[in-house]
2 protein chains.
Amino acid sequence: MIQRRYSRQRELIYNCLLGTKEHPTAEMVYQWLLPENPNLSRGTVYRNLKLLAEEGLLLRMPFPVERYDACTEQHTHFCCRSCGAVSDLELEYDPELDQRVARSSQLEIQWHDLVFYGTCKECIDKKNSNQEEHSLQKEEG
Amino acid sequence: MIQRRYSRQRELIYNCLLGTKEHPTAEMVYQWLLPENPNLSRGTVYRNLKLLAEEGLLLRMPFPVERYDACTEQHTHFCCRSCGAVSDLELEYDPELDQRVARSSQLEIQWHDLVFYGTCKECIDKKNSNQEEHSLQKEEG
DNA sequence: CTGCATGCAAATAGTTTGCAGTAGC
DNA sequence: GCTACTGCAAACTATTTGCATGCAG
């Protein structure tokens, strides 16, 4: 394995992930850090996120756009189909499932992802108020 | 909603999905159909896969590369971290889970994805035979 | 010093889209 | 004949990579 070396950028990026529950994309991390670090480059953000995930410090989530999570304990996620935001759910992770699947197949199971899809509260509210607007316009027209 | 019209290409693409359990990517579908349909274009494949998924005839799976599945009944998947292949698992889908999460949150849940990650039999075998080669070389050297 | 890490820009992969021509209904 | 659908190519988004330089150990 390659000998890692300290870097201010890597620390910044990792702290950024530790300080949020938003499961950000590489681009989000870049945009958050840019104002205070005008020389930071996208390449560095991508490289370090990938590296931290390989080292097990971050979880990598293959949504249409790659997202990262500093919580390395497995847990379940919710993804809003309307705004794309990803959040954590309280539902406990069941490691027994992995063993069950491994036993009944020829496969070596490392972990599983459980992701719920639907609409988040914000988007439900937004949709409702849009509909109200529309019916108002109809009444006015 | 837009009035759909029959198209030979769309039928080809849909049949292609019905006839496989491989959860192919758009590119795979394109390459399979190309020999018999030299005029087919990637754009058409992408457009129709997206359209069929919107109509509920296909499942769209957001792996690092978008994959599609003609089985619209929810079921669990296995993804090999080594070769990237995606296959079905016997594990039953539990709709009760969706209701449980919906009740304990402010969220509207539509479905959930359960995906197991690990190594498939082929890749385990490949890894083992590679290791044997290496130790052989050591002994020879 | 050594060589890992960075910034930058170019390259790549996957996917979408604009447009002119084709073909269902 | 109307207009959805196609092929083609260009555009776009997300991500990776090559290279010269910077900096940790």
Side-chain angles (χ1 to χ4, degrees), chain A residues 1-17 22-55 57-69 79 81 83-86, chain B residues 1-17 22-55 57-69 79 81 83-86:
Chain A
M1 201 178 175
I2 302 157
Q3 175 65 32
R4 295 275 163 244
R5 197 170 282 185
Y6 171 86
S7 100
R8 205 181 67 87
Q9 288 87 334
R10 179 143 64 240
E11 179 158 53
L12 274 172
I13 291 166
Y14 185 46
N15 282 335
C16 191
L17 266 288
E22 280 198 49
H23 310 74
T25 63
E27 182 66 22
M28 286 163 80
V29 172
Y30 175 66
Q31 294 298 341
W32 286 342
L33 295 175
L34 196 58
E36 311 255 300
N37 308 272
N39 292 328
L40 184 66
S41 89
R42 269 192 189 75
T44 300
V45 175
Y46 276 97
R47 261 190 292 241
N48 279 303
L49 286 173
K50 198 176 171 182
L51 196 152
L52 289 164
E54 278 164 11
E55 288 182 353
L57 292 171
L58 298 180
L59 237 57
R60 200 178 196 186
M61 303 189 291
F63 286 101
V65 179
E66 220 55 69
R67 285 170 174 272
Y68 293 87
D69 186 347
C79 175
R81 293 183 68 209
C83 67
V86 175
Chain B
M1 201 179 174
I2 303 157
Q3 175 65 34
R4 293 276 163 242
R5 197 171 281 184
Y6 170 86
S7 101
R8 206 182 67 87
Q9 288 87 336
R10 179 143 64 239
E11 179 160 52
L12 274 172
I13 292 165
Y14 185 46
N15 282 336
C16 192
L17 266 288
E22 280 197 50
H23 311 73
T25 63
E27 183 64 22
M28 288 163 80
V29 172
Y30 175 66
Q31 294 299 342
W32 287 341
L33 295 176
L34 196 57
E36 312 253 300
N37 309 271
N39 291 327
L40 184 66
S41 89
R42 269 194 189 75
T44 300
V45 175
Y46 276 97
R47 261 190 290 241
N48 279 304
L49 285 174
K50 199 176 171 183
L51 195 152
L52 288 163
E54 279 165 11
E55 289 183 351
L57 292 172
L58 299 180
L59 237 59
R60 200 179 196 185
M61 303 188 293
F63 286 100
V65 179
E66 216 63 64
R67 286 171 174 270
Y68 292 87
D69 187 347
C79 175
R81 292 183 69 208
C83 68
V86 175

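Below, chains carry the letters A, B, ... as their sequence lines are ordered, and counting in each starts from 1. No experiment lies behind these values; they were computed from the predicted model shown.
Annotation: the terminal axes of the helix from dC1(C)-dG25(D) to dC25(C)-dG1(D) meet at 30°, where each axis is the rotation carrying the C1' atoms of four end pairs onto the next four (5 pairs per end, rounded to 10°).
Side-chain N/O atoms of K50(A) include one lying less than 4.0 angstrom from OP1 or OP2 on dT16(D).
We find the CZ-CG distance between R4(B) and L52(B) to be 9.0 Å, quoted to the nearest 0.5 Å.
The closest side-chain heavy-atom distance from M61(B) to Y68(B) is not below 4.5 Å. Between Y14(A) and L58(A) the shortest side-chain heavy-atom distance falls below 4.5 Å. Within the 4.5 Å cutoff, side-chain heavy atoms of L49(A) are placed close to those of L17(A). Within the 4.5 Å cutoff, the side chain of R47(A) has heavy atoms near those of the T44(A) side chain.
For the pair M61(A) CE and dT15(D) P, the computed distance is 12 Å after rounding to whole Å. Rounded to an integer number of Å, the gap from R42(B) CZ to dA10(D) C1' is 14 Å. Between the OH atom of Y30(B) and the C1' atom of dC8(D) there is a distance of 10 Å, given to the nearest Å.
Listed by chain and number, the residues in a side-chain hydrogen bond (donor to acceptor under 3.5 Å, both in side chains) with D69(B) are H23(B), H75(B), H77(B) (sequence neighbours excluded).
Taking every nucleotide of DNA chain C with any atom under 4.0 Å from a non-hydrogen atom of chain A, the first and last of them, 5' to 3', are dG3(C) to dC8(C).
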>> Using a 4.0 Å heavy-atom cut-off to protein, can you give one letter per nucleotide of nucleotides 1-7 of chain D, 5' to 3': B if the base is in contact, S if only the sugar-phosphate is, - if neither?
In response: --BBSBB

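Between C79(B) and G84(B) the shortest heavy-atom distance is SG-O, 4.3 Å.
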Enumerate donor-acceptor pairs with a distance under 3.5 Å from any side-chain N or O in residues 27-34 of chain A to protein atoms, sequence neighbours excluded.
{"residue": "E27(A)", "atom": "OE1", "partner": "R42(A)", "partner atom": "NE", "Å": "2.8"}
{"residue": "E27(A)", "atom": "OE2", "partner": "Q31(A)", "partner atom": "NE2", "Å": "2.7"}
{"residue": "E27(A)", "atom": "OE2", "partner": "R42(A)", "partner atom": "NH2", "Å": "3.0"}

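At the heavy-atom level, E27(B) lies nowhere under 4.0 Å from the strands shown. When heavy atoms are screened at a 4.0 angstrom cut-off, R60(B) is found touching the sugar-phosphate backbone but no base atom.
Between the R60(B) side chain and the E54(B) main chain, no donor and acceptor come within less than 3.5 Å of each other.
Within a 6.0 Å sphere centred on CZ of R81(A), other residues, nucleotides and ligands contribute 12 heavy atoms or fewer.
A salt bridge (Lys or Arg N to Asp or Glu O under 4.0 Å) check over residues 29-40 of chain B, counting only residues at least two apart or in different chains, returns nothing.
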